[in-house]
Amino acid sequence: MTTLRSVKGMKDYLPKEVPAYRRIEEAFARVMQRSGFREMRTPIVEPTALFVRAIGEVTDVVEKEMYSFQHHDEALTLRPEGTAGVVRAYLQNNLGNDEPVTKVFYQGAMFRAERTQRGRYRQFHQLGAEVFGDPSPAADADLLVTLVVFLREIGVSSPEVILGSIGGKATRAAFRESLVDFLTPKLATMSEESKRRILTNPLRILDSKHPGDRAACEGAPSILDVLDADDQSHFDALRRYLDALAVPYRVDRGLVRGLDYYSRTLFEIKGATEKLGAGDTLLGGGRYDGLVEELGGRATPAIGFAAGLERLVIATEENVAPPRIDVFVASEGAVGRALALANELRSHGISVECDGRGASVKAQLRRANAVDARFAIVLGDREVSDGVADLKDLAARTSTSVALSGMAAAAKAGLEGPPAAGEQAVSS
RNA sequence: GUGGGUGUAGCUCAGUGGUAGAGCGCUGGAUUGUGAUUCCGGAUGCCGCGGGUUCAAGCCCCGUCACUCACCCCA
């Protein structure tokens, strides 16, 4: 019999791994709110046209990675990224009329039909944020410093901020021509993809990993050298702010991005390369001053970013404290009383696992260890008739006799007390 | 989409064409009601799937699927 399997590239998030995801999601919400962002949620399904217009027709995402389908007379797509939907919602709900600056963050599933790899899935999750209405380099710097704080808070080892600029539309068009002029003589040694890309999207060649492409890009012109005066002063100011904030960064003269909507500031943060291999970009983003207007709104400067949740989890796995149960109630005969005791403790905010399987006390206590319970209580007919049971500290291997009526108070006191000797201290 | 690697017990993996294994985990007992340790016992396998070669295939050949790494691209 052929058992049903999950769709390729779409994984199950099992109970033992979910805490690692939750920890990061919660830290993200906390840090973003602290910086004045508010959460918003948008649909997973959007009109296909939204992504084509926002991301760009000749990008790889739109050309071959979207999950698109026809539903009756609508052309729909599972969102491959978050910015387009947020911009659409910003316009549709006239959020720009409520306030001059709108700062939002979001988290959710995204879909791209790519070949899978470590840290790269077809259904994956992004944490992202957008700032609308603030054209200043201060907005860029404030977003970046917030992100660095976030990454530090979740324990990313040595995040590497990479900074670039691709100027405005006119600058980019001019640069594109000079880059094509530079690369065309070297076409012979370049990859097949790049030979095609020189016509469609030549900037992308700059971050190719193909050895021939890299050699060809040696000494290529950098867009940083042809920025116009406004782009240049924006970039310079951003760097001054980052320096003042003590945010370390590296300028990459060849940094480009796959989506068409970016302008001026571009950034990426890498980290934990040893764990992530080729997919070590934890987070990427930049300014997209033209997109809101492109999608039919009034001209509104904006900047945003998106981080890959799965990658953040891989990068910080070792920081997750395993979930614990406070009290494990083992039963011997008196299952009904065990349930009652368990629920009484729960009503005091104590997490309780109650074992009513009828297994041996030994097997039940083994399970108490397996769920990493702090305390265990064996409740049998004897305890019920005596009105007294042992509260066992599993780590310390000690045991105190406690009246059932005072069990909740005793357990609470034990949980709030210092960890027993020999117990591994769990950092938050 | 292109190119490599790997598929054997729940997990990590040995296995020279000739009777499928180890460690860990799970489970029962030693202790008739007390968990980490120790000792003794037990269960778990269409060896990914389908063909082929052979007296004989986990092992060789072909195909296929899955996983994985890199490229492409990206978070």
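Reminder, nothing fancy here: chain letters follow the sequence lines and each chain counts from 1.
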Touch check for [X], heavy atoms < 4.0 angstrom, all strands: base, sugar-phosphate only, or nothing?
X: A:R382; value: base
X: A:Y121; value: base
X: A:E81; value: nothing
X: A:A306; value: sugar-phosphate
X: A:R366; value: sugar-phosphate
X: A:L283; value: sugar-phosphate
X: A:G119; value: base
X: A:S208; value: sugar-phosphate

Can you find a heavy atom in the side chain of [X] that is under 4.5 Å from one in the side chain of [Y]?
X: A:F111; Y: A:M10; answer: yes
X: A:V31; Y: A:E153; answer: yes
X: A:R79; Y: A:T77; answer: no
X: A:Q126; Y: A:L309; answer: no

Using atom [atom1] of each nucleotide, how far apart are [N] and [M] to the nearest Å?
N: B:rC72; M: B:rC59; atom1: C1'; result: 36 Å
N: B:rU31; M: B:rC13; atom1: C1'; result: 35 Å
N: B:rA9; M: B:rU16; atom1: C1'; result: 23 Å
N: B:rC69; M: B:rU27; atom1: P; result: 32 Å
N: B:rG4; M: B:rA20; atom1: P; result: 35 Å
N: B:rA22; M: B:rA43; atom1: P; result: 12 Å

Taking [atom1] from [X] and [atom2] from [N], how many angstroms apart are they, rounded to a whole number?
X: A:D12; N: B:rC67; atom1: CG; atom2: P; result: 12 Å
X: A:E65; N: B:rA75; atom1: CD; atom2: P; result: 10 Å
X: A:Q364; N: B:rG33; atom1: CD; atom2: P; result: 12 Å
X: A:L266; N: B:rA75; atom1: CG; atom2: P; result: 11 Å
X: A:M190; N: B:rC72; atom1: CE; atom2: C1'; result: 14 Å
X: A:I24; N: B:rA75; atom1: CD1; atom2: P; result: 18 Å
X: A:R214; N: B:rC71; atom1: CZ; atom2: P; result: 10 Å
X: A:Q107; N: B:rA75; atom1: CD; atom2: C1'; result: 14 Å

Any strand counts, and the cut-off is 3.5 Å on both contacts for Watson-Crick or G-U wobble. Which nucleotide pairs with [N]?
N: B:rG21; result: B:rC13
N: B:rG3; result: B:rC69
N: B:rC39; result: B:rG29
N: B:rA56; result: none
N: B:rU64; result: B:rG48

For A:T398 and A:D280, take the nucleotide of RNA chain B holding the closest heavy atom to each; which residue's nucleotide lies nearer the 5' end?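 The residue whose closest nucleotide sits nearer the 5' end is A:T398.
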Nearest-nucleotide comparison on RNA chain B, the residue closer to the 5′ end among A:K270 and A:R357: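 Nearest-nucleotide comparison on RNA chain B picks A:R357.
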Counting side-chain heavy atoms from C-beta on, which of [options] comes nearest to [X]?
X: A:R115; options: B:rA75, B:rG1, B:rU34; result: B:rG1
X: A:Q126; options: B:rA75, B:rG33, B:rU34; result: B:rA75
X: A:R397; options: B:rG33, B:rG35, B:rC71; result: B:rG35
X: A:E383; options: B:rG33, B:rC69, B:rA75; result: B:rG33
X: A:K392; options: B:rU68, B:rC69, B:rU34; result: B:rU34
X: A:Q117; options: B:rA70, B:rU34, B:rC67; result: B:rA70
X: A:K362; options: B:rG29, B:rG33, B:rG28; result: B:rG29
X: A:E114; options: B:rA75, B:rG33, B:rC72; result: B:rA75
X: A:L365; options: B:rA75, B:rA36, B:rU34; result: B:rU34

Could you check A:Q123 against A:Y67 for side chain to side chain donor-acceptor pair (under 3.5 Å), going step by step and ending with a plain yes or no? CA-CA 10 Å; A:Q123 175 178 333; A:Y67 281 95; over 6 Å; no
Does a donor on one side chain and an acceptor on the other come within less than 3.5 Å for [X] and [Y]?
X: A:Y288; Y: A:R264; answer: no
X: A:T316; Y: A:R23; answer: yes
X: A:N369; Y: A:R366; answer: no

